Amino acid sequence: MDGNGRWAQAKGLLRIMGHREGVKTVRNIVEAAKACDVKILTLYAFSTENWNRPKDEVSGLMGLLKKFLQSELTRMVENDIQLRCIGNIHALPKDVRDVLAATIDQTKDNTSLILNLALSYGGRNELIQAIQTMAQKCLAGTLAVGAIDEQTVGAHLFTAGLPDPDLVIRTGGERRLSNFLLWQSSYSEIYFCDVPWPEFNKAELKKAIADFSGRQRRYGKTGEQVSP
Ligand code: FPP
């Protein structure tokens, strides 16, 4: 969800105004994703590196997140949306953690769309934690080194139980992954779009999905092998 800060600054506004506008886009895109029959939508809302931003911006973002969770609960329940999160959740302020836990609990039986928030998330950090847990299990004798395969690693990530993303969209004009789902996006289709997140909308989402639909996913095979 990149481009909030620059969108605001270009309009002579404070960066936090861009994030506030970005929350409106979150609401619209959740609704649009559901309408497009997307089953899992992961939003990169706050990275491990974002803690290094100015204090005011960090606390502003935490406030927006809490307000979003409080105001969206009814809509999530009505629209059959299940909230989940990935990341170092313990690093979030307690009031945010509490609302997050309550929202996750109250939406846990919903099945139409999983809305997965990446919060205090970093792909490298996720891999380090997974490696540490697996190493501890090896030392304890509950996991054999030779038994560690792709499934084992996947099962130790925050995303355990969720499929890898088919499509990763980055808004705001930059062309990099910035520590997002590094393991999981090995074979994802990447879509870079110049539109800043506050201006991203259903039409742009549909454009990204249409672009994705036209791609041939070969997973290392030849074109002839995957569509003879
Ligand atoms: C990146 O844009 C965006 C963020 C670091 C925060 C995204 C957060 C929200 C949209 C609001 C809170 C989230 C939810 C789910 C309610 P940037 O500020 O780095 O953009 P820039 O590159 O233009 O500075």
Side-chain angles (χ1 to χ4, degrees), residues 1-34 38 40-76 79 81-89 91-93 95-104 106-107 113-123 125 158 165 168-181 190-202 204-205:
M1 300 191 283
D2 197 18
N4 295 342
R6 279 168 290 152
W7 177 87
Q9 284 166 325
K11 291 185 153 30
L13 303 169
L14 293 172
R15 290 177 57 83
I16 195 67
M17 303 299 282
H19 296 311
R20 202 169 291 168
E21 204 59 30
V23 175
K24 291 185 195 163
T25 306
V26 169
R27 277 197 200 101
N28 293 338
I29 292 302
V30 169
E31 197 183 308
K34 193 181 166 219
V38 169
I40 304 169
L41 175 69
T42 298
L43 297 177
Y44 202 2
F46 197 85
S47 73
T48 45
E49 291 74 24
N50 286 153
W51 290 113
N52 299 320
R53 290 197 173 195
K55 252 186 175 170
D56 283 0
E57 184 167 340
V58 171
S59 61
L61 278 166
M62 292 300 140
L64 285 176
L65 177 63
K66 183 178 169 186
K67 233 165 94 184
F68 169 81
L69 293 168
Q70 286 169 329
S71 67
E72 290 311 288
L73 176 63
T74 316
R75 211 191 301 242
M76 285 191 222
N79 291 318
I81 294 167
Q82 182 188 133
L83 186 81
R84 292 199 194 188
C85 63
I86 54 172
N88 286 319
I89 302 309
L92 300 172
D95 58 333
V96 178
R97 270 186 281 141
D98 289 347
V99 189
L100 189 61
T103 314
I104 289 173
Q106 289 174 67
T107 60
L113 171 75
I114 292 176
L115 172 60
N116 188 30
L117 297 184
L119 299 168
S120 190
Y121 173 86
N125 171 271
F158 293 127
V168 173
I169 301 172
R170 182 179 185 139
T171 61
E174 306 290 4
R175 270 111 177 108
R176 52 178 174 262
L177 280 178
S178 296
N179 215 0
F180 184 63
L181 298 179
I190 317 283
Y191 182 86
F192 293 114
C193 136
D194 291 335
V195 176
W197 180 252
E199 288 175 12
F200 194 73
N201 56 24
K202 188 176 183 177
E204 291 293 335
L205 177 68

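Just so we're clear, the structure is a prediction, and the values are computed from it rather than from any experiment. We count ligands from 1, going down the list as the structure has it; atoms in each ligand are counted the same way.
Checked against side-chain hydrogen bond (donor to acceptor under 3.5 Å, both in side chains), Asp194 has the following partners two or more places apart in sequence or in another chain: Arg175. Taking the side-chain hydrogen bond (donor to acceptor under 3.5 Å, both in side chains) definition, one finds that Trp7 meets it with Glu199, sequence neighbours left out. Phe158 meets the ring-ring contact (aromatic ring centres under 6.0 Å, His included) test with no other residue; sequence neighbours excluded.
Side-chain N/O atoms of Ser120 and Asn88 include no donor and acceptor closer than 3.5 Å. Judged by distance alone, the side chains of Glu49 and Asn179 do bring a donor and an acceptor atom under 3.5 Å apart.
A salt bridge is defined here as a Lys NZ or Arg NE, NH1 or NH2 lying under 4.0 Å from an Asp or Glu carboxylate O, and Glu21 with Lys11 fails to meet this definition.
Within 4.0 Å of ligand 1, contacts by protein heavy atoms are made from Met1, Asp2, Gly3, Asn4, Gly5, Arg6, Arg15, His19, Gly22, Val23, Ala45, Asn50, Arg53, Leu61, Phe68, Leu117.
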